[in-house]
Amino acid sequence: MPNQVCVICGEYKRSRKVSFFSIPKQDTRLKNKSDRELVERRIAAWMAVIGSNINKYYGAPSVCSLHFHSGKPAYMFSVDDVDWVPSKNLTNTDQHDEQDHDFDSDLSHAHPSCEDSLGVDDSTVHEIIVNSSSLSDNSTLHDNVLHGTFQSNDITMDDTSLDSNFEHNDTSTAKFLFEIQNLVNFLKKNGITNPEEQTLREIKTHFETFHSTIQTESDKVLHSQTQVSPKVINLGRNSVDEQLQAMMVELTNLKETIFSLRELVKKEKLIDRLTDNDRMTKFYTGLKSWKLFEIIYQLILPGIHDSSSFTKQSLPTKEQFLLVLMRLRLNLCEQDLAYRFHISQKSVSSYLRKWIDVMYIRLSRNFMIWPTKEALLKSTPTFFKKKFPGCVSIIDCFEIQLERFKNLLARSSTFSFYKGKNTVKFLISVTPSGSISYISQGYGGRCSDVHITLDRKNVAVVDDENFLDKLQKGDVVLAGRGFLIESEVKKRGASLRTPAFLGKRPRLTRHEVVYSRKVSNVRIHVERVIGKLRQTFRILRDRVPVQLISRDEDNISHFDKIAFVCCCLSNANPSVVPIR
């Protein structure tokens with residue numbers, strides 16, 4: 001890093017005791033506006049003293065202690081202090097060679113001191129620089145002011161080197177202060193007298209008066225040059241008005257376009273996006289294709305028209321059907337569906353109740369049918385015919401988690417020791433081809449498989465038969481070890497096939513092991529059907545609210561109808577059991 005150098009006298013940091021001080025600069029930590037303005041004033045005053053010497057010497061720009069009366073600059077807020085700016089020994093010492101020194105000494109003997117004749121000392125220079133730093137940036141200096149103030153027989157202002165800097169009206173404050181200081185130094189050096197005995201303060205006052213006069217005349221000339229004829233003004237105004245009108249029309253068109261696009265986005269319904277889109281249809285409804293969606297909708301629609309002939313509809317029937325399927329498929333809450341279809345939550349609840357009741361009746365006639373023997377012969381896979389000819393049904397039970405009742409008796413009756421939580425339990429029957437042929441009402445998780453199967457009141461549809469009454473002579477039923485209903489099945493001329501029991505024996509026989517494996521390999525299909533059912537319709541695997549368990553006048557709860565409808569819709573999709 002280069003050594004510090006004084007930009008006024010060119011003094012370098014040498015062995016003698018001379019201190020160096022950095023040039024003031026703006027401090028970003030100052031928050032007060034007046035403090036920042038004071039710093040700017042001080043910077044301008046320092047730059048007026050330094051002038052163009054800021055980059056004249058090689059080194060870090062500084063000001064040495066030789067230019068301050070106290071040997072160091074004053075505090076920033078001590079504006080009245082003589083050392084607020086450098087005001088001592090301002091003559092450039094690097095030009096004081098021997099010849100110049102002799103010339104100056106001769107002049108000093110021949111003429112009175114300029115500083116003495118003008119009444120100028122270092123404090124006066126300081127005062128003039130500080131007070132002048134607040135002048136306008138457009139302050140100007142005319143050479144006539146100087147000609148009228150200073151006179152000499154040997155030198156005139158036109159012969160000096162200060163020619164062009166005083167002839168421009170756009171001189172900045174810093175440049176003006178710099179020229180004033182150079183002028184004072186120049187006059188001191190050449191011993192020019194002041195015959196009118198004017199002080200620099202009087203010169204400053206005279207300059208300000210002359211500047212205001214020049215400014216007034218300049219404004220008059222500028223005003224006369226900028227006057228334009230009324231016709232030209234009117235032509236320009238008309239052109240601007242036309243452009244403004246065109247821009248307003250374009251802005252209106254853009255606003256209308258944006259509004260129409262927003263309305264189009266709002267009007268684009270989900271049902272329109274699902275049309276002929278099998279992938280979206282399967283995701284939102286659980287049905288394999290849009291064509292199947294249309295078939296089931298047309299099947300249910302007559303019942304909807306009959307039940308809603310005297311009610312006001314706020315949503316088209318096809319969107320109502322989509323709303324119900326989304327509730328079963330994704331288990332969306334009613335408020336979510338209300339936001340999606342732009343209706344009230346009360347309307348959503350009403351649609352769900354109405355459509356589930358109609359689907360519960362109309363789908364049972366087409367998608368929940370006990371198969372006849374002729375239909376079984378055509379649809380039963382080959383491996384079923386070889387291992388278990390005459391098989392009509394594969395039964396099992398599945399449980400769905402239920403919210404806990406506040407009533408302790410209801411809570412204990414629904415607690416499942418197998419699941420370790422409160423559940424609702426269903427009996428399901430699956431044909432060899434993989435379609436659901438029967439589903440019971442919901443029971444508490446505490447009930448056993450035997451109790452649910454033997455209950456004669458256990459009918460999924462009103463006026464329907466329970467599971468045992470559907471069996472005929474020669475039918476074969478496959479079940480797990482927990483279904484101890486062989487005696488009741490035999491009373492109807494059917495047979496029950498379950499895996500072998502170990503009982504008190506140490507091991508099973510070889511024949512029993514082979515037979516148990518055959519039953520288990522076939523009975524696994526009912527678990528696959530249950531898994532697909534719960535995977536397709538999320539409402540059957542999430543926790544069931546207590547409000548859906550309450551029964552109506554037919555002694556069938558709303559959730560029983562939901563489970564029944566889900567089984568019917570599952571039968572409409574392809575089976576998980578291979579046909580071969």
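Since we're looking at a predicted model, the values are computed, not measured. As a basis for the values below, the full set of heavy atoms in this structure was taken, side chains included, without hydrogen atoms, waters or symmetry mates.
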Using a distance-only test with no angle check, is there a side-chain donor-acceptor pair under 3.5 angstrom linking Thr281 and Thr285? no
Would you say that more than 12 heavy atoms from the other residues, nucleotides or ligands in this model lie under 6.0 Å from the CZ of Arg551, or not? yes
Please answer whether the main-chain N or O of Asn458 pairs with a side-chain N or O of Asn466 as donor and acceptor at a distance below 3.5 Å. no
Heavy-atom closest pair, residues Ser575 and Gly434: OG-CA, 3.4 Å
With sequence neighbours left out, the residues meeting side-chain contact (heavy atoms from CB on, under 4.5 Å) with Ala479 are Ile395, Phe483, Leu496, Thr498
Worked check of side chain to side chain donor-acceptor pair (under 3.5 Å) between Ser393 and Ser429: CA-CA 6 Å; Ser393 172; Ser429 172; 2.3 Å; yes
Take Leu299 and Ile295 through the test side chain to side chain contact (heavy atoms under 4.5 Å, CB included) and record every step on the way to the result. CA-CA 6 Å; Leu299 179 64; Ile295 294 172; 5.7 Å; no
Is there side-chain contact between Glu512 and Phe501, with heavy atoms separated by less than 4.5 Å? no
Indicate yes or no for a side-chain donor-acceptor contact from Arg329 to the backbone of Thr536 under 3.5 Å, with no hydrogens or angles considered. yes
Please report the C-alpha distance between Phe398 and Ile439 in whole Å, then the side-chain angles of each, then the deciding distance to 0.1 Å, and finally whether the side chain to side chain contact (heavy atoms under 4.5 Å, CB included) criterion is met. CA-CA 10 Å; Phe398 69 95; Ile439 185 171; 4.3 Å; yes
Check the surroundings of atom NZ in Lys561: do more than 12 heavy atoms from other residues, nucleotides or ligands lie under 6.0 Å from it? yes
Say whether Asp278 and Ser289, considering side chains only, have a donor N or O and an acceptor N or O under 3.5 Å apart. no
Starting from the C-alpha separation in whole Å, work towards a yes-or-no answer on salt bridge (charged side-chain N to carboxylate O under 4.0 Å, His left out) for Lys491 and Glu488. CA-CA 5 Å; Lys491 290 180 181 180; Glu488 295 295 331; 3.4 Å; yes
Phe341 vs Leu322, test: side chain to side chain contact (heavy atoms under 4.5 Å, CB included). Steps then yes/no. CA-CA 10 Å; Phe341 290 90; Leu322 175 62; 4.2 Å; yes
Using modelled atom types and a 3.5 Å cut-off, is there a donor and acceptor pairing between side-chain atoms of Thr414 and backbone atoms of Ala410? yes
Heavy-atom closest pair (Leu427 atom, Cys397 atom, distance to 0.1 Å) is CD1-SG, 3.8 Å
Can you tell me how the ring of Tyr75 sits relative to the ring of Phe77, calling it parallel under 30°, perpendicular over 60° and tilted otherwise? tilted
Rounded distance [0.5 Å steps], CG in Asp449 versus CG in Asp396: 7.0 Å
Take atom NZ in Lys373; do more than 12 heavy atoms of anything else shown fall under 6.0 Å from it? yes
Looking at Arg497 and Leu478, would you say the former's side chain and the latter's main chain have a donor-acceptor pair under 3.5 Å? no
Rounded distance [0.5 Å steps], CD1 in Ile428 versus CD in Glu527: 11.5 Å
Near Tyr418 OH, under 6.0 Å, is it more than 12 heavy atoms from other residues, nucleotides or ligands? no
Which heavy atom in Leu533 sits nearest to a heavy atom in Cys567, and how many Å separate them? CD2-SG, 3.7 Å
To the nearest 0.5 angstrom, please state how far the NZ atom of Lys425 sits from the NE2 atom of His451. 10.5 Å
Taking every heavy atom of Val565 against every heavy atom of Met359, the minimum-distance pair comes out as CG1-CE, 3.5 Å
So with a 6.0 Å cut-off around CD of Glu250, is the heavy-atom count from everything else above 12? no
Please report the interatomic distance CZ(Phe388) to CG(Asn521), rounded to the nearest 0.5 Å. 9.0 Å
Ser570 side chain vs Cys566 backbone, donor-acceptor pair below 3.5 Å: no
If we only count heavy atoms from C-beta on, is the His558 to Gln547 side-chain gap below 4.5 Å? no
Tell me whether Ser412 contacts the main-chain N or O of Leu408 through its side chain, where contact means a donor paired with an acceptor under 3.5 Å. yes
Is there a donor-acceptor pair under 3.5 Å between the side chain of Ser364 and the backbone N or O of Met368? no
Close side-chain approach of Leu363 and Asn571, heavy atoms under 4.5 Å: no
Could you label the plane-to-plane angle of the Phe467 and Trp370 rings as parallel, tilted or perpendicular, counting under 30° as parallel and over 60° as perpendicular? perpendicular
Ser349 side-chain N/O to Lys346 backbone N/O, donor-acceptor pair under 3.5 Å: no
Test side chain to side chain contact (heavy atoms under 4.5 Å, CB included) on Leu38 and Arg42 and set out the steps. CA-CA 6 Å; Leu38 182 61; Arg42 192 176 193 186; 5.9 Å; no
Side chain Arg541, main chain Ile400, donor-acceptor under 3.5 Å: no
Measure the shortest side-chain to side-chain distance between Tyr360 and Ile556 over non-hydrogen atoms and say whether it is less than 4.5 angstrom. yes
Can you tell if the side chain of Phe367 reaches within under 4.5 Å of the side chain of Leu569, non-hydrogen atoms only? no
Please check if the number of heavy atoms outside Lys490 that lie under 6.0 Å from its NZ is greater than 12. no
Please determine whether the number of non-hydrogen atoms from other residues, nucleotides or ligands lying under 6.0 Å from atom CZ of Arg456 exceeds 12. no
Taking the side chain as C-beta and beyond, is there a heavy-atom pair between Asp455 and Gln441 under 4.5 Å? no
Heavy atoms only: give me the nearest Cys391-Pro432 pair and the separation to one decimal. O-CG, 3.4 Å
Would a 4.5 Å heavy-atom cut-off, applied to side chains only, mark Leu315 and Ser347 as touching? no
Smallest heavy-atom separation, Ile43 atom then Pro24 atom, equals CG1-O, 3.7 Å
Gln535, CD: over 12 other non-hydrogen atoms inside 6.0 angstrom: no
Any ion pair linking Arg353 and Asp357 (charged N to carboxylate O, less than 4.0 Å)? no
Thr252 vs Lys255 side-chain heavy atoms within contact, under 4.5 Å: no
Rounded to the nearest 0.5 angstrom, the CZ-CG distance for Arg29 and Asp35 is 12.5 Å
Determine the interplanar angle of the His525 and Phe384 rings, folded into 0 to 90°, and report it as parallel if under 30°, tilted if 30 to 60°, perpendicular if over 60°. tilted
With distance as the sole test, does Arg404 use its side chain to make a donor-acceptor pair with the main-chain N or O of Asn422 at under 3.5 Å? no
Rounded to the nearest 0.5 Å, what's the gap from CG on Asn331 to CZ on Arg543? Could you check? 11.5 Å
Would Tyr515 and Thr509 count as having a side-chain donor-acceptor pair, cut-off 3.5 Å? no
